[in-house]
Amino acid sequence: MIKKIKLIIIIFSFGCNALLEESTPLKGDFYIQDGWLAFSSSEYEEATKHFNTAIETNGEGSGFHFLSFIGKGWTQFYQAKSKNDSINVQIELIELSGVYFSKALGILSELDSNLYNENERIDLFVGLSLQRTYSAKQKSVNMILWETNNIELSNKINQLYEEAISYSLEVNESYVFKYDSDISFENIILLRIENYILIGDFESAVSDYKKYGFDCVGNEINIDTIVECLCITINDGICPFNGD
């Protein structure tokens, strides 16, 4: 009789434990995976909800926070690209994207490297580089529209381009963004060359253009031709603005 009672207790305890396990929240990586699935379907609000849940159900500064902030950064960035009908909304989303990428960057130095892979780390730096570039371009357009020579704003724009350049240096040659093959190492290098030009560092632009073997369709590559060369490369051999 005593043995039967013990067996019933064991079975009952096991059943309760299984019930508790089923009722606890999923691990953060499941929410993060669901976030990227929603992102891949352009369901940006749904993606944000999943990344937020991963953040809310895990400890602050954890690997799940790091990966979720990267996901939120990319989500806000792509959501901004979809808001062509509202410049103000675009600006707000680009700024939010930068906030989330910066939060991820702030966690990175404290994390065990086993909590993320190399591609996820580079996703962060590519996101930072793109976000800083687009933020700088938005501010440049506004400065032109306002017809202002605001020195403080001009310095901020240059700072953003310089940060974009710095972050792009973390990208390795095999990189392709898992969720958009149009974002690759080559694209990031071309963006860096453009950013060098925009801050007036033509020598670095020429150096990178030559270093990575871009073709200027037989034209000489130097500080006088680098703008046209970049235009030719970006537009598959024909620059629509070369005056031809």
Side-chain angles (χ1 to χ4, degrees), residues 21 24-82 90-136 159-185 187-189 191-192 195:
E21 287 174 6
T24 55
L26 294 170
K27 285 179 64 178
D29 51 357
F30 287 102
Y31 294 118
I32 292 168
Q33 288 169 19
D34 284 344
W36 283 116
L37 282 172
F39 175 91
S40 298
S41 300
S42 302
E43 297 173 359
Y44 302 123
E45 292 183 7
E46 189 67 22
T48 298
K49 287 179 184 177
H50 289 303
F51 292 130
N52 281 340
T53 303
I55 291 168
E56 291 161 6
T57 55
N58 290 278
E60 186 173 346
S62 68
F64 295 128
H65 275 217
F66 171 69
L67 296 174
S68 296
F69 282 132
I70 293 173
K72 286 185 72 174
W74 278 102
T75 299
Q76 299 301 313
F77 185 76
Y78 269 64
Q79 194 169 10
K81 290 169 63 177
S82 72
Q90 271 193 338
I91 291 171
E92 182 180 346
L93 289 169
I94 289 292
E95 292 304 310
L96 270 177
S97 173
V99 168
Y100 296 131
F101 282 136
S102 294
K103 283 186 176 183
L105 185 63
I107 297 172
L108 179 59
S109 62
E110 305 298 324
L111 280 184
D112 187 319
S113 60
N114 292 324
L115 296 175
Y116 56 87
N117 61 47
E118 180 63 8
N119 221 58
E120 289 168 335
R121 187 186 75 86
I122 297 177
D123 282 345
L124 169 59
F125 286 102
V126 170
L128 282 163
S129 184
L130 288 170
Q131 189 277 330
R132 296 302 194 261
T133 298
Y134 275 80
S135 181
Q159 180 188 338
L160 288 168
Y161 282 129
E162 288 167 1
E163 288 179 7
I165 290 167
S166 177
Y167 291 133
S168 73
L169 297 172
E170 295 288 332
V171 185
N172 62 43
E173 295 191 19
S174 63
Y175 178 79
V176 177
F177 184 43
K178 182 178 178 180
Y179 306 98
D180 185 349
S181 59
D182 285 340
I183 298 179
S184 64
F185 175 75
N187 300 127
I188 297 302
I189 296 303
L191 186 68
R192 185 162 80 212
N195 288 343

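Along the sequence shown, residues are numbered consecutively beginning with 1. Only this structure's heavy atoms are used, side chains among them; waters, hydrogens and symmetry mates stay out. Being a predicted model, the structure only gives us computed values, none of them experimental.
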In the structure I gave you, are the side-chain heavy atoms of [X] and [Y] within less than 4.5 Å of one another anywhere?
| X | Y | result |
| --- | --- | --- |
| Asn52 | Lys72 | yes |
| Lys103 | His65 | no |
| Leu67 | Glu120 | yes |
| Gln159 | Arg132 | no |
| Phe185 | Asn172 | no |

If you measure from [atom1] on [X] to [atom2] on [Y], what distance do you get to the nearest 0.5 Å?
| X | Y | atom1 | atom2 | result |
| --- | --- | --- | --- | --- |
| Glu56 | Ser68 | CD | OG | 10.0 Å |
| Thr48 | Glu43 | OG1 | CD | 11.5 Å |
| Ser166 | Arg192 | OG | CZ | 10.0 Å |
| Phe177 | Ser184 | CZ | OG | 12.5 Å |
| Trp36 | Thr75 | CH2 | OG1 | 6.0 Å |
| Ser40 | Lys178 | OG | NZ | 8.5 Å |

When you measure from the side chain of [X] to the backbone N and O of [Y], does any donor-acceptor pair fall under 3.5 Å?
| X | Y | result |
| --- | --- | --- |
| Thr133 | Ser129 | yes |
| Ser135 | Gln131 | no |
| Gln76 | Leu93 | no |

Tell me, with the steps shown, if Phe66 and Leu124 meet side chain to side chain contact (heavy atoms under 4.5 Å, CB included). CA-CA 9 Å; Phe66 171 69; Leu124 169 59; 3.8 Å; yes
Asp112 vs Asn114, test: side chain to side chain donor-acceptor pair (under 3.5 Å). Steps then yes/no. CA-CA 5 Å; Asp112 187 319; Asn114 292 324; 3.2 Å; yes
Worked check of side chain to side chain contact (heavy atoms under 4.5 Å, CB included) between Phe69 and Ile55: CA-CA 8 Å; Phe69 282 132; Ile55 291 168; 3.7 Å; yes
Could you pull out the closest heavy-atom pair between [X] and [Y], with the gap in Å?
| X | Y | result |
| --- | --- | --- |
| Ala104 | Ile70 | CB-CG1, 3.8 Å |
| His50 | Ala38 | CD2-CB, 4.4 Å |
| Ser62 | Leu111 | C-CD2, 3.9 Å |
| Leu128 | Ser102 | CD2-N, 4.2 Å |
| Ile32 | Ala54 | CG1-CB, 3.9 Å |
| Gly73 | Tyr100 | N-CB, 3.7 Å |

Would Tyr134 and Phe77 count as a close aromatic pair, with their ring centres under 6.0 Å? yes
So, using side chain to side chain donor-acceptor pair (under 3.5 Å) as the criterion, who are the partners of [X] when residues are at least two apart?
| X | answer |
| --- | --- |
| Ser109 | none |
| Tyr78 | Asp180 |
| Tyr116 | none |

Do other residues, nucleotides or ligands put more than 12 heavy atoms under 6.0 Å from the CD atom of Glu92? no
After noting the C-alpha distance and the side-chain angles of Tyr31 and Phe51, does the key distance pass the side chain to side chain contact (heavy atoms under 4.5 Å, CB included) rule? CA-CA 6 Å; Tyr31 294 118; Phe51 292 130; over 6 Å; no
Before giving the answer on side chain to side chain contact (heavy atoms under 4.5 Å, CB included), spell out for Leu130 and Trp74 the whole-Å C-alpha distance, their side-chain angles and the decisive distance to 0.1 Å. CA-CA 10 Å; Leu130 288 170; Trp74 278 102; 3.7 Å; yes
